[in-house]
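Data block below; observations after.
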Amino acid sequence: MAFFNQLTRRSLSQSAAMSAAIKNVTVIGSGLMGAGIAQVAAQTGHTVTMVDIDGEAVKKAEKRIGDSIHRVAKKKFADGDEANKFISEALGRLSTSTDAVSSVTASDLVVEAIVENLDVKKKLFAQLDAAAPQHTIFASNTSSLPIGKIAEATNRKDRFGGLHFFNPVPVMKLLEVVRIPETSQATYDAMVAWGKTMGKVTVACKDTPGFIVNRLLVPYMFEAVRMVERGDASPRDVDTAMKLGAGYPMGPFELMDYVGLDTGKFIVDGWAKADPDNPLFKSSELVNKLVSEGKFGVKSGEGIYKYKK
Ligand SMILES: CCCCCCCC(=O)CC(=O)SCCNC(=O)CCNC(=O)[C@H](O)C(C)(C)COP(=O)(O)OP(=O)(O)OC[C@H]1O[C@@H](n2cnc3c(N)ncnc32)[C@H](O)[C@@H]1OP(=O)(O)O
Ligand SMILES: NC(=O)C1=CN([C@@H]2O[C@H](COP(=O)(O)OP(=O)(O)OC[C@H]3O[C@@H](n4cnc5c(N)ncnc54)[C@H](O)[C@@H]3O)[C@@H](O)[C@H]2O)C=CC1
């Protein structure tokens with residue numbers, strides 16, 4: 001018992017040391033998710049570098065962060081001066097870059113939120129592994145790819161895990177923390193502790209397809225698409241039905257447009273490849289067609305529905 005307590009104390013103090021050390025955060029990818037993660041990290045006192053290969057994407061992200069942080073501050077502070085102070089301090093902690101490798105040299109934690117493609121993620125992590133300090137924890141925000149496969153690109157599997165946020169990050173309270181067999185206890189504890197400093201409620205999940213939420217949500221969305229493809233109901237009526245009949249804040253088609261049909265397609269295509277006989281992972285002609293036309297949803301101005309640009 002004394003030995004166990006000693007071990008527990010040691011691992012707790014190790015993880016406390018690691019989480020206390022998470023001050024500098026690099027977020028790679030400044031799309032829907034990366035911008036949200038960078039914003040919340042800056043709001044909660046971290047020094048943040050937000051990186052994207054695309055300079056235009058960085059500019060768009062800065063605009064989205066500006067809008068979102070004003071909404072957050074308005075809700076948080078009745079006093080306008082306090083709200084302005086909160087905004088300017090948070091934005092003061094956030095810088096941007098288009099060079100991933102040079103942005104991790106002083107990083108304690110790297111959260112990757114780039115395109116949902118295994119080879120692209122592995123290539124990025126291999127480059128970062130060579131440049132980041134030894135203590136730096138690497139995490140992927142992937143929706144559907146195996147964390148263990150992404151980690152193979154590095155020599156730091158013990159300091160690698162999944163940190164899966166939800167869209168919109170400043171609003172959604174959940175963070176799924178995913179460990180692979182090699183993730184050390186200290187790394188896992190540091191990721192959970194960091195999630196709490198980000199104001200999130202964490203749940204633990206093994207490295208299984210879709211973790212918890214997406215394993216349930218993605219088949220539900222694609223079943224809604226199949227219903228429309230069969231001509232059983234219109235997207236509008238399905239959305240209305242699920243909002244008013246099941247209490248969901250958005251119907252499945254509104255949510256697909258919100259998260260991005262391209263991301264949805266990457267997810268089911270990947271799962272179908274790994275498990276071709278699973279009827280829940282069948283792709284959809286409608287989604288494939290929209291994605292091939294560049295209709296990704298809200299972010300491109302059109303998906304299932306049309307949006308004002
Ligand atoms: C194809 C399959 C692909 C799957 C892809 C994988 C995806 C993943 O890996 C995991 C995911 O993220 S799944 C998506 C999870 N997200 C959801 O389910 C969102 C559902 N929608 C909602 O909760 C609300 O409609 C929502 C909160 C979005 C908006 O709420 P409302 O409709 O009530 O609209 P508002 O009145 O504008 O907002 C309500 C309150 O929230 C604040 N707010 C909204 N957006 C914000 C943002 N971006 N930044 C900061 N604050 C924001 C807003 O201020 C408002 O606050 P109150 O003034 O207090 O009401
Ligand atoms: N959209 C959603 O609701 C959610 C998405 N995710 C996951 O988060 C990740 C990002 O998704 P989104 O933000 O929706 O995508 P997005 O398409 O909005 O943004 C991705 C960004 O990554 C950039 N990028 C691509 N390759 C890069 C590289 N090598 N280096 C630096 N930047 C690069 C792109 O220029 C783009 O700006 C994906 O893995 C996705 O599965 C996780 C939770 C929710």
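For reference, positions follow the sequence shown, starting with 1. Keep in mind the model is a prediction, meaning the values are calculated, not measured. Start at 1 and go down the list; that is how both ligands and their atoms are numbered.
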Exercise. Would you mind finding which of Leu32, Asp52, Val120 brings a heavy atom closest to atom 37 (O) of ligand 2?
Key: Asp52
Quiz item: Parallel under 30°, tilted from 30 to 60°, perpendicular over 60°: which one fits the rings of Phe165 and Trp194?
Solution: perpendicular
What atoms of ligand 2 come within less than 4.0 Å of a heavy atom belonging to [X]?
| X | result |
| --- | --- |
| Ile28 | 31 (C) |
| Ala57 | 37 (O) |
| Lys121 | 38 (C), 39 (O) |
| Asn167 | 3 (O) |
| His164 | 42 (C), 43 (C) |
| Thr142 | 39 (O) |

Exercise. Have a look at ligand 2 and work out which part of Asn141, if any, has a heavy atom under 4.0 Å from it: side chain, backbone, both or neither.
Key: both
Under a 3.5 Å threshold, I'd like every N/O contact between ligand 1 and protein atoms, with atom names and distance.
from     : atom 1 : to     : atom 2 : distance (Å)
ligand 1 : 9 (O)  : Ser143 : OG     : 2.8
ligand 1 : 9 (O)  : His164 : NE2    : 2.8
ligand 1 : 9 (O)  : Asn214 : ND2    : 2.8
ligand 1 : 12 (O) : Asn167 : N      : 2.9
ligand 1 : 16 (N) : Asn167 : O      : 2.8
ligand 1 : 37 (O) : Arg71  : NH2    : 2.7
ligand 1 : 45 (N) : Arg71  : NH1    : 3.4
ligand 1 : 49 (N) : Ser68  : OG     : 2.6
ligand 1 : 56 (O) : Lys75  : NZ     : 3.1
ligand 1 : 59 (O) : Lys75  : NZ     : 3.3

Quiz item: What is the closest protein heavy atom to atom 29 (N) of ligand 2, and at what distance does it sit?
Solution: Ile114 CD1, 3.8 Å
Quiz item: Please, which pairs that meet side chain to side chain donor-acceptor pair (under 3.5 Å) have at least one residue in residues 25-44, sequence neighbours excluded?
Solution: Thr26-Ser107, Ser30-Asp52, Gln39-Gln43, Gln39-Ser68, Thr44-His46
